Amino acid sequence: MARSGKSYKKIRGIARKEFSELMHEKTFILSVLIQLFIASFSTFLVIGLTSFYDPTAMGDMELQGTKIAVVGTDDNELYNLLQESKLNTKLYSDLTPAYTDFYERRMDAIIIIPSGPPQGEDILNVEIYLPKSEIKSTLISMQLKEPLEQFEQQVRDIRTQRLSGYSPIDVNIIKRGINTSSTYFEFVYVALLPLLVFTPAFISGGLIIDFITEEYERKTMELLLASPASLLDIVSGKVLLATAIVPLQSFAWMLLLRLNWIRISNFFEILLVVTIIGLILVLLSSSIALTFKDRGVSQLLYSMILIFLFMVSYLFTNSPLNLVTRLSIESIGSMESGIWILIYSLVAAGLYVLMRATVSKNTITFKR
């Protein structure tokens with residue numbers, strides 16, 4: 001009992017020493033500040049990022065100031081559809097003045113509507129001029145999509161009647177009243193939350209490699225072993241610090257998400273999952289670092305393993321990333337989540353045995 005108490009003091013002393021050095025690590029401080037920025041302004045970032053990869057997520061946030069120059073006549077069916085939409089249109093009889101206004105930024109886009117009627121025989125071409133390399137052009141094209149599709153369907157309905165042997169196919173689609181999910185909801189709970197809470201775990205896996213390999217590269221491991229602390233005490237102290245900072249950071253990020261009006265259920269269960277996964281990565285990385293003792297090789301191997309695990313995680317329903325998502329939206333029962341938390345705990349226990357075996361092997365090697 002007294003021996004275990006002395007060992008704990010040595011481990012705590014090593015952890016305190018590493019914490020002092022960690023606070024002077026500029027890369028770590030920068031990564032924490034970046035995560036702090038993302039978590040603090042998550043609401044604004046979510047709106048911005050979702051509008052980039054899915055402009056339709058803007059929904060009713062129409063560009064009230066968008067002006068569309070329409071070249072054609074006011075009796076055209078496409079012009080009527082454009083007017084019925086929420087677009088701000090201005091009719092031109094010729095392309096030249098419309099292009100002048102577009103070039104001088106008085107107009108945001110130009111549409112040259114076809115002169116022929118839908119009932120005619122000629123091919124109907126619609127020419128569109130949009131700003132070059134601007135997100136505004138993407139948003140305008142999304143707004144033009146609906147009236148253009150309506151016009152296409154009207155022309156198709158009229159002209160397909162002329163095809164010989166034409167008979168429409170009766171497609172019976174059962175409408176079950178299922179609403180589509182929100183893009184914001186998917187982005188927040190599937191991408192933002194899991195990546196934000198697991199980033200400290202990913203970073204800690206790399207930190208423990210630096211903690212251990214630097215001792216070998218600076219030739220300070222021998223000095224540490226000359227003290228009463230054993231190699232197991234030294235590695236355990238480093239593992240303790242690298243693991244302990246994971247739930248602290250994740251707790252802060254989730255708290256900031258809550259302050260940004262993002263509701264997160266099963267708060268402490270998520271922290272438990274993140275802590276266990278952080279411990280798994282730290283124990284795995286410590287074994288790698290003790291085996292190779294080279295920072296570059298160890299970091300490369302850890303990165304490859306991390307990428308592989310990250311890709312594989314999306315193949316399983318209750319992978320750590322998906323488990324956090326399911327816990328945050330209450331889509332998993334307490335029994336099922338408890339079973340998976342137990343499984344990950346067993347994996348961590350197995351890696352702890354591996355780490356102790358690697359420490360034991362290195363202790364023998366060092367004594368030689």
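Remember, predicted model here, so these are calculated numbers, not experimental data. Hydrogens, waters and symmetry mates play no part in the numbers below; they use all other heavy atoms, side chains included. Along the sequence shown, residues carry numbers from 1.
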Quick check: closest heavy atoms across [X] and [Y], and the distance to 0.1 Å?
X    : Y    : value
V324 : P194 : CG1-CA, 4.4 Å
G205 : I208 : O-CG2, 3.2 Å
P200 : S250 : CG-OG, 4.0 Å
S265 : I270 : O-CD1, 3.5 Å
V126 : P114 : CG2-CD, 3.7 Å
L78  : N76  : N-OD1, 2.8 Å

> Which hydrophobic side chains are connected to M311, either touching it within the sub-4.5 Å cutoff or through other members that do?
Replying inline: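 Traced through the cluster, M311 reaches I307.
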> Picking from I264, L321, I262, T325, what satisfies side chain to side chain contact (heavy atoms under 4.5 Å, CB included) with L193?
Replying inline: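 Running side chain to side chain contact (heavy atoms under 4.5 Å, CB included) over I264, L321, I262, T325 with L193 returns exactly one hit, I264.
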>> We want to know whether S236 and D233 form a side-chain donor-acceptor pair, criterion being a heavy-atom distance below 3.5 angstrom.
In response: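 The answer is no; no qualifying pair exists.
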> Between E84 and N80, does any side-chain donor sit less than 3.5 Å from a side-chain acceptor?
Replying inline: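 No pair is found: no donor N or O on one side chain lies under 3.5 Å from an acceptor on the other.
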About how many Å separate [atom2] of [Y] and [atom1] of [X], when rounded to the nearest 0.5 Å?
X    : Y    : atom1 : atom2 : value
S287 : L351 : OG    : CG    : 7.0 Å
Q83  : T89  : CD    : OG1   : 5.0 Å
L124 : I113 : CG    : CD1   : 11.0 Å
S285 : F211 : OG    : CZ    : 11.5 Å
R295 : E217 : CZ    : CD    : 7.0 Å
L301 : F292 : CG    : CZ    : 5.5 Å

> Sequence neighbours excluded, which residues qualify as salt bridge (Lys or Arg N to Asp or Glu O under 4.0 Å) partners of R356?
Replying inline: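 Counting only residues at least two positions away or on another chain, R356 forms no salt bridge (Lys or Arg N to Asp or Glu O under 4.0 Å).
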> What residues form a side chain to side chain contact (heavy atoms under 4.5 Å, CB included) with E146, not counting sequence neighbours?
Replying inline: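 E146 satisfies side chain to side chain contact (heavy atoms under 4.5 Å, CB included) with Q150 once adjacent residues are dropped.
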With clusters defined by side-chain heavy atoms of hydrophobic residues (ILVMFWY) lying less than 4.5 Å apart, directly or transitively, does [Y] cluster with [X]?
X    : Y    : result
F151 : I123 : no
L195 : F308 : yes
F310 : F198 : yes

State whether the side chain of [X] and the backbone N or O of [Y] hold a donor-acceptor pair below 3.5 Å, judged by distance alone.
X    : Y    : answer
D94  : T96  : yes
N362 : T358 : yes
S286 : L283 : yes
N318 : L323 : no
N266 : E330 : no

> Does atom CZ of F267 have more than 12 heavy-atom neighbours from other groups under 6.0 Å away?
Replying inline: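 More than 12 heavy atoms, drawn from other residues, nucleotides or ligands, come within 6.0 Å of this atom.
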> Does CZ in R106 sit with more than 12 non-hydrogen atoms of other residues, nucleotides or ligands closer than 6.0 Å?
Replying inline: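 Count over threshold, so yes.
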> Step by step, would you call E269 with R326 a salt bridge (Lys or Arg N to Asp or Glu O under 4.0 Å)?
Replying inline: CA-CA 11 Å; E269 285 84 350; R326 296 188 66 187; over 6 Å; no
>> Classify the ring geometry of F102 against Y99: parallel below 30°, tilted from 30° to 60°, perpendicular beyond 60°.
In response: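 Tilted, since the angle between the ring planes falls between 30° and 60°.
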> Hey, what's the ring geometry for W340 with Y344, parallel, tilted or perpendicular (30° and 60° as the breaks)?
Replying inline: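 Geometry flag for Y344 against W340: tilted rings.
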